[in-house]
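Let me begin by presenting the structure, written as structure tokens, before commenting on it.
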Amino acid sequence: MKKKTSQGIAGYMKYIWKEKKSIYFMGLLFFPAYILANYLQVYLPKMVVMELEEKRSVSYLGVSLLIVISLLLLSIITRVVMLSRIKYSNRALNQKMQNEYSQKLMYVDYACLENKEFLDLKSKVKETLFSGSVGDEWERAKIADFMETLITLAAVTGNMVLYVYYLCKLSYGMVIILVVMPFIMYLVQKTVMRNEEKNSVGAADAWQKLDYVTRKTEDFSMAKDIRLYQMDEWLSGLIGHFCKERLKYKAKSLWSRGTVSVMASVIFGIYYAWLFVFILRGLWNGSVSVSDVVFYSEMGPALYFLLSEDFLNNIRRLFQLSVEFLRFKEFIDYGENTRERGIPVKEEPPAISLEHVSFSYPGAKTEVLKDLDLTVKKGEKVAIVGVNGAGKTTLMKLICGLLQPVSGRILLNGKDMAQMEPEERYSWFSCAFQDIQFMPLSIKENISMVKDNADNSRVWECLKQAGIKDEIGKLPLKLDTLMEKTLNKNAVDFSGGQKQKLILARALYRNAGVLVLDEPTAALDALAENDIYEKYSKFAKGKTSFFVSHRLSSTRFCDRILLIDGGKIAEEGTHEELLATNGLYSKMFELQGKYYKEGIE
């Protein structure tokens, strides 16, 4: 543990030296200013009494006070300014680390995003960097406070050494006892607060559940269900329950802290009394002057609080921060990053082959796909069908190179995709998956994924092919219309079907050699769906394309249909061939057609 702590501290210091060396210069100015400011505050009353004892003139006393107060003010100002700049620099470093966190999520190998170990690590790092709403973050050291903690600890240590030096003149034995007592208090605190961590975990768990339920009541998409299903009493009951749970843990924590506060007051009382025993003994013996009484009576408590609060707390915080930084580095170094610039989109259609491909998700006991063989010719249009959970989307993620097979291999134009750089694999694919995500940018930027220099005519053509050109053309700002109304006041909120068309337009704009459409018509009405089917052959022309759907009526436009069942290709052929076999495809098609006809009637 000590080795890890030292590694974390050393690693963080190297990181800061690399990113912002000026913090160390600020620390060099803060260190003497902190010590001098604290010492002069203790020394000033002694100086006044000492000058009066020696019956100095008013002018001499005034000049002495002016000099000392000027030095005190200068050191305080320097300390405050340097500490403020250190804090500001720490925040800048934290923002850089936040950026690294976001970059990691964007470029880490896609498979990591479905790995529980990585996701747990991500959650912990996010909480550290962004202070997520898990409750009681104010009690925890934040990773942005590292240099402030380290430099303050160094200054506090220097201040303590100076105070111990002066108090040793009074009595060595007394100083040993005075230094030991705060450590006794620290051990008492650890003993009494042993259950504090359990209480904190319980309170945080209750807070997470409370936060989740509260967010659901704020969610506009839940508003209909809450009213129609009269969920208000049920949700209010959950909120009340989790509030009580959190208060229960809080009460336990407050009781422990109250006990510690009482014991701290008792120990400090003993400490202060012990100090005055030695001061009064020295005064009685004549080894301590009246001014020294003032000096030591100020310095003793100052040493106690420096040791019991600043020193020990900063040690604890530094240990905590070293662990947080090691966790951050573990997150940044996790897996492989996929970013590689300068690879253009491949527009020619490739041939794709799967040889004995099997796949299972990390930690899963069953395989999603089992020993699957498949060859797709250049320019072939292939439909992937099957019941929900059959593995259709997983298969497409494997073909796109987002996931890697547990066994077997996938060849693209005869080359093993596992041997390609991730960005090289991705350059072959234009995809429209079920999960629809847009950025709070203009329609043009969301389609082209380019901030400047987007080809407007090409954007319009893709919108036309996707069947949404006329709707966009009626908007006042047309392609410059902003999306995501939650972030942009004048944005337009599109329906699920409209968003699906926009996602299709984005895939068409990319114009890669492989077109993957995963449930592209799920949110469309019958007329819009039929329009997409009629255009499918046109915008899939000259591409190797995959059309994933649970609506079997859409598959007749494809050259070949694959029915996935039980992790394998159960049936394969054209629409007419599969109907003629009277197999599972035929039964599913007949069942869907039956309900559709009944609906029409």
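In summary, of the residues considered (I569, V357, I352), a side-chain contact (heavy atoms from CB on, under 4.5 Å) with L374 occurs for I569 alone.
Note that the CG atom of L441 and the OG1 atom of T481 stand 13.0 Å from one another [nearest 0.5 Å]. Expressed to the nearest 0.5 Å, how far OH of Y334 lies from CD of E117 amounts to 3.5 Å. Taken from OG in S123 to CZ in F118, the straight-line distance is 10.0 Å, to the nearest 0.5 Å. If you take CE on M588 and CG on L563, they are separated by 6.0 Å, rounding to the nearest 0.5 Å. Going from atom CG of L482 over to atom CZ of F438 covers 14.0 Å, rounded to the nearest 0.5 Å. Expressed to the nearest 0.5 Å, how far CZ of R510 lies from CG of L508 amounts to 12.5 Å.
If you check the side chains of E445 and S442, you find a donor sitting under 3.5 Å from an acceptor. Under 3.5 Å, the side chains of K587 and N582 contain no donor-acceptor pair of N or O atoms. Checked by atom type, the side-chain pair D518/T393 shows a donor-acceptor distance below 3.5 Å. Y509 and E461 form no side-chain donor-acceptor contact under 3.5 Å, judged by distance and modelled atom types alone. Between the side chains of S427 and K346, a donor-acceptor pair is found at a separation under 3.5 Å.
The side-chain heavy atoms of Q498 and E471, taken from C-beta on, include a pair separated by under 4.5 Å. Using a 4.5 Å heavy-atom threshold, the side chains of F546 and L395 count as separate. A heavy-atom distance below 4.5 Å is not found between the side chains of L372 and K370. A 4.5 Å side-chain heavy-atom check between V385 and I564 finds every atom pair outside the cut-off. Looking only at side-chain heavy atoms (C-beta outward), L517 and V548 stay at 4.5 Å or farther from each other. Between V382 and L562 the shortest side-chain heavy-atom distance falls below 4.5 Å. Here the side chains of M97 and Y15 are in contact, with some heavy-atom distance below 4.5 Å.
When atom types are taken as modelled, the side chain of E571 and the backbone of L584 share a donor-acceptor pair closer than 3.5 angstrom. Put simply, the side chain of D109 never gets that close to the backbone of C112: no donor and acceptor are under 3.5 Å apart. In this structure, S360 contributes its side chain and E367 its backbone to no donor-acceptor pair below 3.5 Å. For the pair K392 (side chain) and V387 (backbone), a donor-acceptor distance under 3.5 Å is present. With hydrogens and angles disregarded, a donor-acceptor distance shorter than 3.5 Å links the side chain of R506 to the backbone of N446. In terms of modelled atom types and a separation under 3.5 Å, the side chain of S586 and the main chain of G583 share no donor-acceptor contact. Counting only distance, with no hydrogens or angles, the side chain of S358 and the backbone of D371 share a donor-acceptor pair below 3.5 Å. A donor-acceptor pair is defined here as one N or O able to donate and one able to accept, closer than 3.5 Å; such a pair exists between the side chain of Q98 and the backbone of L129.
What you find for I447 and L502 is that their closest heavy atoms are CD1-O, 3.3 Å. Here the closest heavy-atom approach between residue F359 and residue V406 is recorded as CA-CG2, 3.9 Å. The two atoms that bring G379 and P349 nearest to each other are N-CB, 3.8 Å, heavy atoms only. For N511 against S430, the heavy-atom pair with the smallest separation is N-OG, 3.4 Å. Here the shortest heavy-atom pairing between C558 and K381 reads CB-O, 3.5 Å. A pairwise comparison of heavy atoms in M417 and L412 identifies CG-CB, 3.8 Å as the closest pair.
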Notebook entry, point to check: Could you go step by step and tell me if I399 and V516 meet the side-chain contact (heavy atoms from CB on, under 4.5 Å) rule?
Noted result: CA-CA 10 Å; I399 289 174; V516 177; 5.7 Å; no

Note to self: Under the criterion salt bridge (Lys or Arg N to Asp or Glu O under 4.0 Å), I'd like the reasoning laid out for E324 against R327: C-alpha separation, chi angles, the key distance, then a yes or no.
What the structure shows: CA-CA 5 Å; E324 300 286 6; R327 187 179 290 145; 3.1 Å; yes

Next item on the list: Check the pair D120, K116 against salt bridge (Lys or Arg N to Asp or Glu O under 4.0 Å), reporting the backbone distance first and the verdict last.
Entry: CA-CA 6 Å; D120 288 344; K116 188 178 184 305; 2.8 Å; yes

Next item on the list: Using the salt bridge (Lys or Arg N to Asp or Glu O under 4.0 Å) rule, take R425 and E421 through it: C-alpha gap first, then chi angles, then the decisive distance, then the call.
Entry: CA-CA 7 Å; R425 298 196 297 263; E421 291 294 331; over 6 Å; no

Next item on the list: Test side-chain contact (heavy atoms from CB on, under 4.5 Å) on I410 and D416 and set out the steps.
Entry: CA-CA 6 Å; I410 301 174; D416 190 347; 5.6 Å; no

Note to self: Go through it in stages, so that I can follow the logic: the residues are M106 and Y101, the test is side-chain contact (heavy atoms from CB on, under 4.5 Å), and I'd like the CA-CA distance, side-chain angles, deciding distance and then a yes or no.
What the structure shows: CA-CA 9 Å; M106 286 191 286; Y101 166 88; over 6 Å; no

Next item on the list: Evaluate side-chain contact (heavy atoms from CB on, under 4.5 Å) for V125 paired with K122, printing each intermediate quantity in order.
Entry: CA-CA 5 Å; V125 172; K122 175 193 76 80; 5.9 Å; no

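Other residues, nucleotides and ligands contribute at most 12 non-hydrogen atoms within 6.0 Å of the NZ atom of K541. Atom NZ of K377 sits in a sparse spot, with 12 or fewer heavy atoms from other residues, nucleotides or ligands closer than 6.0 Å.
Residue pairs meeting the ring pair (Phe, Tyr, Trp, His ring centres under 6.0 Å) criterion with at least one member in residues 458-491: none, sequence neighbours excluded.
E347 is linked by a salt bridge (Lys or Arg N to Asp or Glu O under 4.0 Å) to nothing, counting only residues two or more places apart in sequence or in another chain.
Under the 4.0 Å criterion applied to side-chain N and carboxylate O atoms, K104 and E100 are not assigned as salt-bridge partners.
The aromatic rings of F325 and F328 sit tilted relative to each other, their planes meeting at an angle between 30° and 60°.
No close placement of the F557 and H575 rings is indicated, their centers lying 6.0 Å or farther apart.
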